[in-house]
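Below is one structure, written out as structure tokens; the observations come after it.
Side chains are part of it too, since the values below use all heavy atoms of this structure and drop only hydrogens, waters and symmetry mates. From a predicted model like this one, the values you see are computed outputs, not experimental measurements.
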Amino acid sequence: QVQLVESGGGLVQAGGSLRLSCAASGRTFSSYRMGWFRQAPGKEREFVAAIRRNGGSTYYADSVKGRFTISRDNAQNTVYLQMNSLRPEDTAVYYCAAAQKMGSLDYSRLYEYWGQGTQVTVSS
């Protein structure tokens with residue numbers, strides 16, 4: 001099992017930046033593919049970004065491509081989401097998630113473990 005704890009959320013003006021972190025417990029972090037999802041009020045949870053075990057491949061939702069960057073440090077058991085050029089529509093609770101199963105990384109049900117979420121609010 002793995003436990004995930006997100007941090008780094010907050011209030012930022014449009015055009016600003018935030019860096020989210022997700023710290024994982026356990027000794028097998030490098031065996032998990034990691035993803036970031038978000039959920040805005042009244043909306044379904046949506047895929048944001050994902051990264052493979054060794055960090056060699058990354059994937060992004062079209063809405064964040066070119067603005068957000070996912071990365072991981074397996075030695076520190078941490079995955080990051082660097083968010084630049086933030087927009088009010090990026091406002092949501094952001095969750096990190098871990099998956100060992102094979103499948104499409106933009107599919108939330110692939111992920112076995114989830115963090116508690118961190119709020120990101122972008123003001124206009």
Side-chain angles (χ1 to χ4, degrees):
Q1 285 194 348
V2 62
Q3 292 183 327
L4 305 172
V5 179
E6 302 97 333
S7 61
L11 174 64
V12 64
Q13 288 189 330
S17 298
L18 282 174
R19 188 193 197 201
L20 304 184
S21 300
C22 173
S25 65
R27 298 175 292 176
T28 59
F29 175 73
S30 60
S31 70
Y32 291 90
R33 296 181 293 163
M34 300 298 296
W36 286 96
F37 289 76
R38 67 186 181 187
Q39 187 166 19
K43 294 188 176 182
E44 293 188 354
R45 190 171 297 187
E46 65 173 359
F47 169 75
V48 175
I51 188 167
R52 291 199 179 274
R53 294 177 180 88
N54 63 2
S57 296
T58 56
Y59 308 88
Y60 298 93
D62 288 342
S63 59
V64 307
K65 204 170 291 183
R67 300 188 297 124
F68 291 10
T69 302
I70 187 171
S71 62
R72 67 189 296 163
D73 184 340
N74 286 343
Q76 297 296 323
N77 283 9
T78 304
V79 62
Y80 304 97
L81 186 68
Q82 177 66 44
M83 305 186 295
N84 298 329
S85 302
L86 283 162
R87 305 167 179 168
E89 54 264 38
D90 294 320
T91 295
V93 177
Y94 283 70
Y95 299 89
C96 73
Q100 282 193 312
K101 294 183 292 186
M102 297 302 294
S104 178
L105 286 171
D106 61 350
Y107 186 49
S108 63
R109 293 191 178 185
L110 178 72
Y111 294 82
E112 297 100 328
Y113 304 102
W114 292 81
Q116 82 289 349
T118 185
Q119 176 70 47
V120 171
T121 303
V122 184
S123 63
S124 57

Let's go through Leu105 and Leu110 carefully: what are the C-alpha distance in whole Å and the side-chain angles of both, what is the deciding distance for side-chain contact (heavy atoms from CB on, under 4.5 Å) to 0.1 Å, and is it a yes or a no? CA-CA 7 Å; Leu105 286 171; Leu110 178 72; 3.9 Å; yes

Quick one: do Met83 and Leu20 satisfy side-chain contact (heavy atoms from CB on, under 4.5 Å)? Show the steps, please. CA-CA 8 Å; Met83 305 186 295; Leu20 304 184; 3.7 Å; yes

Does the side-chain contact (heavy atoms from CB on, under 4.5 Å) test come out yes or no for Ser123 and Gln13, once each step is laid out? CA-CA 5 Å; Ser123 63; Gln13 288 189 330; 3.7 Å; yes

Derivation of the salt bridge (charged side-chain N to carboxylate O under 4.0 Å, His left out) call for Arg87 and Asp90: CA-CA 5 Å; Arg87 305 167 179 168; Asp90 294 320; 5.3 Å; no

Chi angles and distances behind the side-chain hydrogen bond (donor to acceptor under 3.5 Å, both in side chains) call for Arg52, Asn54: CA-CA 6 Å; Arg52 291 199 179 274; Asn54 63 2; over 6 Å; no

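For the pair Asn74 and Ser30, the tightest heavy-atom approach, listed with the atom from each and the gap, is ND2-CB, 3.7 Å. For Ala99 against Tyr111, the heavy-atom pair with the smallest separation is CB-CD2, 3.6 Å. A pairwise comparison of heavy atoms in Pro88 and Ser124 identifies CG-CB, 3.8 Å as the closest pair. Of all heavy-atom pairs between Leu86 and Arg67, the closest is CA-NH1, 3.9 Å. Pairing each heavy atom of Leu4 with each of Ala24, the nearest pair is CD2-CB, 3.6 Å. Pairing each heavy atom of Phe29 with each of Asp73, the nearest pair is CE2-O, 4.1 Å.
Expressed to the nearest 0.5 Å, how far OG of Ser63 lies from CD of Glu46 amounts to 5.5 Å. Residue Lys65 holds its NZ atom at 9.5 Å from OG1 of Thr58, rounded to the nearest 0.5 Å. Put simply, CD on Gln82 and CD1 on Ile70 are 12.5 Å apart, with the number rounded to the nearest 0.5 Å. In this structure, CZ in Arg19 is found 10.5 Å from OG1 in Thr69, a value given to the nearest 0.5 Å. Thr91 OG1 to Gln119 CD: the interatomic distance, rounded to the nearest 0.5 Å, is 7.0 Å.
Between Phe68 and Tyr94, the ring planes lie tilted relative to each other; the angle falls in the 30° to 60° range.
No side-chain heavy atom of Arg38 sits under 4.5 Å from any side-chain heavy atom of Val120.
Applying the disulfide bond (SG atoms under 2.5 Å apart) test to pairs two or more places apart or on separate chains, those with a residue in residues 18-108 are Cys22-Cys96. Applying the salt bridge (charged side-chain N to carboxylate O under 4.0 Å, His left out) rule to pairs touching residues 91-109 yields nothing, sequence neighbours excluded.
Taken together through direct or relayed side-chain contacts under 4.5 Å among Ile, Leu, Val, Met, Phe, Trp and Tyr, Tyr80 and Trp114 form parts of separate hydrophobic clusters. Note: the hydrophobic cluster containing Ile51 also contains Val2 (ILVMFWY, side chain heavy atoms under 4.5 Å, direct or indirect links). One hydrophobic cluster, built from ILVMFWY side chains closer than 4.5 Å, cannot hold both Tyr95 and Met34; they sit in different ones.
Side chain of Glu6 to main chain of Gln116: a donor-acceptor pair is present (N/O by atom type, distance under 3.5 Å, no hydrogens or angles).
Between Phe47 and the choices Tyr60, Tyr59, Phe37, Trp36, the ring pair (Phe, Tyr, Trp, His ring centres under 6.0 Å) rule is met once, by Phe37.
The environment of Lys43 atom NZ is sparse: at most 12 non-hydrogen atoms of other residues, nucleotides or ligands sit within 6.0 angstrom. Within a 6.0 Å radius of CD in Gln100, more than 12 heavy atoms belonging to other residues, nucleotides or ligands are found.
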